[in-house]
Amino acid sequence: MDKKVRVRFAPSPTGGLHIGGVRTALYNYLIAKKNNGTMILRIEDTDQTRYVEGAEEYIKEALAWVGIQLDESPWQGGKFAPYRQSERKDLYKKYALKLIEEGNAYYAFDTEDEWDSKRKELEAAGVVSPQYNSITRMQMKNSLTLTAAEVKAKLAAGEPYTIRLKVPHKEDIRVHDLIRGWVVFHSSLLDDRVLLKSDGMPTYHLANVVDDYLMQISHVIRGEEWLPSAPVHVLLYKMLGWENEMPQFLHLPLIMNPDGNGKLSKRYADQLGFPVFPIEWHNKEKQATMTGYREAGYFPETMVNFLVLLGWNAGTEQEIFSMQELIDSFSIERIGKSGTKFDINKAKWFNQHYLKATSNPTLARLLLADLAKNNRTLSQEKAEKVVEILKERVTFVKDFLTEGKYLFDAPQTFDEQIASKKWNQPLVEVLNGYKNALQTHQESLEAHTAKEILNKTTDSLGVKFGSVMQGVRLAITGAGAGADLMEIIAFLGADEVSKRIDYAVSTLKVVS
RNA sequence: GCACAGUUCGUCUAGGGGUUAGGACGUAUCCCUUUCACGGAUAAGACACGGGUUCGAUUCCCGUACCGUGUACCA
């Protein structure tokens with residue numbers, strides 16, 4: 001019970017890391033940190049055909065971005081190195097052979113085609129999902145049906161083979177899951193899983209069990225999609241004599257599409273216009289770039305906070321958590337059991353929260369970086385002013401550019417609906433009067449003086465201040481709504497405001 | 001099909017044998033405000049269904065329905 005907490009996140013480098021994978025990594029990390037444990041990253045690259053160049057680097061960068069720190073990994077090493085399964089290849093065979101020796105596994109010489117045709121034959125005979133199991137294995141070419149001499153000869157001749165687990169006929173296999181309690185499976189429903197593939201690589205099942213044992217993993221924390229194969233793993237622990245060292249299992253609820261139709265998928269996310277990847281992923285094969293949350297403007301704090309609440313809660317009404325607060329309050333007992341639908345709205349709300357919590361100078365620097373991408377610049381001071389004016393109305397840093405486009409560019413067009421309602425003769429007179437009054441404030445203009453001047457102008461013309469405001473806004477920003485107009489005027493300065501007034505007055509037609 | 005999970009407002013969830021079933025996002029209305037936004041307030045909105053057990057069930061048990069996962073020499 002006092003076993004040291006050692007957890008691993010074990011992705012396979014087959015492409016961009018899915019956002020669900022990030023949550024799994026997060027839960028692993030939090031459980032490790034909460035218990036003064038060790039966070040391990042292991043690369044499960046046993047399927048050479050699916051290996052994708054760049055995927056490992058991607059995983060590394062994505063985890064770093066959200067702030068998950070690794071204690072042991074292929075990139076930094078550790079006392080159980082190597083952490084890449086392809087580099088541990090030889091290890092697995094030893095255990096597979098041990099299983100054979102003890103009668104818990106066997107050589108199978110059937111080619112994939114042979115098994116395929118057998119499967120089709122069974123399907124034709126009405127078997128819904130044919131399995132290589134305790135019944136069918138006796139009709140196949142393997143060390144259970146062949147004589148010892150035949151097996152020896154085939155091996156000596158270098159014939160390709162797989163090693164399959166010999167699942168017992170009738171046995172209840174009990175799996176204990178920390179989230180779900182005891183789950184019982186019957187062995188007759190399990191098939192003789194391939195443990196070692198014909199290319200000499202282990203399958204997930206063998207590699208996973210062997211490595212978790214050797215790396216002294218205390219908790220296996222993975223998605224619920226693994227629950228059905230958990231009995232195979234339990235069987236392996238038993239057969240290898242490691243039952244007492246078997247880790248605790250936690251099968252996390254799945255993250256679903258917003259309408260609940262299956263696991264959150266890329267296709268679906270695309271349709272609804274949100275990313276499934278933490279950071280941008282370049283698919284070289286398809287020559288496509290998938291955008292990530294980072295590029296979409298989400299803060300890492302947002303992702304951590306949003307993701308952790310998909311399947312866990314503190315039991316209090318607190319919803320905003322920093323990583324450190326999560327480490328302090330995370331608990332296995334409060335992880336939920338049911339699948340959770342992905343709600344991008346909530347993520348946006350978190351982002352807005354974290355944006356508001358970010359200091360203006362920092363936000364200004366981020367804005368400046370965005371501006372630079374469009375080949376524009378601004379002084380840090382001006383940028384901070386932009387941030388101040390717009391902060392309460394944006395969700396993402398990139399929104400400063402769109403929400404506040406009138407701070408950067410004079411309007412070319414004007415909101416027609418507003419213009420048709422508000423653009424009248426008194427307004428034009430106010431604007432001209434205002435422009436003239438502004439002449440004396442070329443040097444500097446503050447929001448409150450901008451307001452005073454406008455007030456005086458309306459007073460002298462006998463026009464109500466409020467009746468003219470939206471029209472003034474329209475002339476200066478092109479829109480009927482937006483940030484505090486006096487702040488905008490102060491930001492733009494008398495000169496620019498005058499130019500905009502001239503343009504509006506000469507462009508818009510007065511309505512009666 | 002079979003196996004295994006799961007099911008509280010639209011969504012994330014709290015709760016748990018007796019509650020006005022609580023919060024957050026979203027939605028609506030109002031207030032604030034020159035507009036919009038922010039903020040504040042208010043409102044609408046849920047225990048899948050059927051049987052038990054019980055004085056009493058949303059909570060415990062059993063079934064049904066629905067949803068999901070799995071059913072590869074993929075992870």
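Throughout, a chain's letter reflects where its sequence line sits, starting with A, and its residues are numbered from 1.
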Student: Could you go through nucleotides 44-49 of chain B and list every protein N or O atom that sits under 3.5 Å from one of its N or O atoms, giving the distance for each pair?
Tutor:
none

Student: Between B/rU29 and B/rA37, how far is it from one P atom to the other, in whole Å?
Tutor: 11 Å

Student: Can you tell me if the side-chain N/O atoms of A/Lys197 get under 4.0 Å from OP1 or OP2 in B/rA72?
Tutor: no

Student: Counting distance only, does the side-chain N/O of A/Tyr27 pair as donor-acceptor with the main-chain N or O of A/Val308 below 3.5 Å?
Tutor: yes

Student: Looking at A/Asn345, does any N or O in its side chain come under 4.0 Å of the phosphate oxygens OP1/OP2 on B/rC25?
Tutor: no

Student: Checking all strands, does A/Glu224 fall into the base, sugar-phosphate, or nothing category for heavy-atom contacts under 4.0 angstrom?
Tutor: sugar-phosphate

Student: Per the salt bridge (Lys or Arg N to Asp or Glu O under 4.0 Å) rule, what does the pair list look like for residues 332-352 of chain A, sequence neighbours excluded?
Tutor: A/Glu319-A/Lys346

Student: Within the 4.0 Å heavy-atom criterion, would you say A/Ser12 contacts the bases, only the backbone, or no part of the nucleic acid?
Tutor: sugar-phosphate

Student: Would you say A/Lys341 reaches B/rU11's phosphate, i.e. side-chain N/O to OP1/OP2 under 4.0 Å?
Tutor: yes

Student: Tell me which residues in residues 114-127 of chain A put a heavy atom below 4.0 Å from RNA chain B, sorted by number, or none.
Tutor: A/Arg119

Student: Is it the case that the base of B/rA5 and the side chain of A/Lys337 share a donor-acceptor contact (distance under 3.5 Å, atom types as modelled)?
Tutor: no

Student: Looking only at atom C1', what distance separates B/rG10 and B/rA44, rounded to whole Å?
Tutor: 12 Å

Student: Which base, if any, makes a Watson-Crick or G-U wobble pair with B/rU64, both distances under 3.5 Å?
Tutor: B/rA48

Student: Taking the C1' atom in each of B/rC32 and B/rA46, what is the distance between them to the nearest angstrom?
Tutor: 33 Å

Student: How far, in whole Å, is B/rA21 from B/rC9 if one measures between their P atoms?
Tutor: 15 Å

Student: For A/Phe306 and B/rU11, give me the distance from atom CZ to atom C1', rounded to whole Å.
Tutor: 10 Å

Student: If the C1' atom of B/rC38 is compared with that of B/rC31, how far apart are they to the nearest Å?
Tutor: 14 Å

